[in-house]
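Within every chain, numbering begins at 1; the chains are lettered A, B, ... in the order of the sequence lines, protein sequences first and strands thereafter. Predicted, not measured: the structure shown is a model, and the values here were computed from it.
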Amino acid sequence: SAQRPRPRVLLKAPTLAEMEEMNTSEEEESP
Amino acid sequence: RQVTVQRKMRILTASTVPHRSNSCHLLLSLPLDLKPQMLSGAVPCLPAYILYMCIRHADYTNDDLKVHSLLTSTINGIKKVLKKHNDDFEMTSFWLSNTCRLLHCLKQYSGDEGFMTQNTAKQNEHCLKNFDLTEYRQVLSDLSIQIYQQLIKIAEGMLQPMIVSAMLENESIQGLSGVKPTGYRKRSSSMADGDNSYCLEAIIRQMNAFHTVMCDQGLDPEIVLQVFKQLFYMINAVTLNNLLLRKDVCSWSTGMQLRYNISQLEEWLRGRNLHQSGAVQTMEPLIQAAQLLQLKKKTQEDAEAICSLSTSLSTQQIVKILNLYTPLNEFEERVTVAFIRTIQAQLQERNDPQQLLLDAKHMFPVVFPFNPSSLTMDSIHIPACLNLEFLKEV
């Protein structure tokens, strides 16, 4: 029987706001 | 053409994957400070297609970390560029086009049947294999809303100074000036530095410029329609609010002027095939105010005509315009208090909103209907001027 494609893995995404926070903290960390 | 690419957003380090004749992966680092003009000859939304191919490569290699880093750095990179260019219509429109196109690609090539109905067999080969990016699609949709709102804010900021003088003060119909009401004055701000007044042509020129930029950059037609619906609403609100606050423009001749200006704007919309945007409908209050200025205001029948025609104006607005109405000359009678009482009596069962002025800052909710592309990934050519020497076809 035709091989059924494997279900794709759902990648969890941070929200825009969380990305903003991550970005800000990265900028603060980097000298 | 020598170009300086100010900033590279390194997305992927170079890595090799087995050559696959029917798949087109590109490794790249995308300069997000790209000048839109640099891509004027290329396929619209080229950055979006390149980004998708990069994501597809990471998916193909089943590398979830790379997909996360790709999408996160892309989204953060776009936000950075937009923050830096928060008054640049062209750059904002450019990244709205590309963000929406990337969103459409993530749907079109998601593997979800519902998004593949218009795909060719070749396009179906370019679908993602390992990851479901539904949550990232939501983030890109939220980002698109933010970019759209920035675009509207920029466009409104450019149009705002033109509206009152172009719609209410400038005599687009020559010869009407002789019939200005007594006490008519040009607004101080439009006279402040001499000729700082605008004619309707200035608004139309600006609309042309907006439309040309958005079309050249491949912005979805559905979104272009929403942009102009929003901008026409603002023209309607700013103009009507001035009419409701200024006695010197509440006259028969201004009514005539307004109807002419509105017809010119409608003609422009039709000429650009934008009349189905709903932009004209958003101007209905202003259209009816212009009619009201020109209708007779004496008898019971006149009152009935005004009430039946002014369905998009509130009672407050109708009464305010009648109170402000200034006869052209001594031959025209002023609107009597009794006539206004008649109007109020006829409208009393209406439960109108109480506020007099329109909210010029009102934003219609924006939607991004799915808009699949007919392009196939391996037909995409990357112009050398992009300096993307990392590109590898694998």
Side-chain contact, heavy-atom cut-off 4.5 Å: B:Asp64 with A:Val9? no
If one checks every heavy atom of B:Gln146 against chain A at 4.5 Å, the contacting part turns out to be side chain
Is any side-chain heavy atom of A:Arg8 closer than 4.5 Å to one of B:Asn130? no
Winner by heavy-atom pair count (cut-off under 4.5 Å) against chain A, out of B:Leu128, B:Val67, B:Leu71, B:Leu133: B:Leu128
Show the nearest heavy-atom pair for residues A:Leu11 and B:Glu135, with the distance to one decimal. O-CB, 3.8 Å
Should the pair B:Lys83-A:Glu20 be classified as a salt bridge under the 4.0 Å nitrogen-to-oxygen rule? yes
Evaluation steps, side chain to side chain contact (heavy atoms under 4.5 Å, CB included), between B:Ile75 and A:Leu16: CA-CA 8 Å; B:Ile75 290 165; A:Leu16 273 181; 3.6 Å; yes
Using every non-hydrogen atom in the two residues, find where B:Val139 and A:Pro14 come nearest and quote the distance to one decimal. CG2-O, 3.2 Å
Working to the nearest 0.5 angstrom, can you tell me the gap between B:Thr134 OG1 and A:Leu10 CG? 6.0 Å
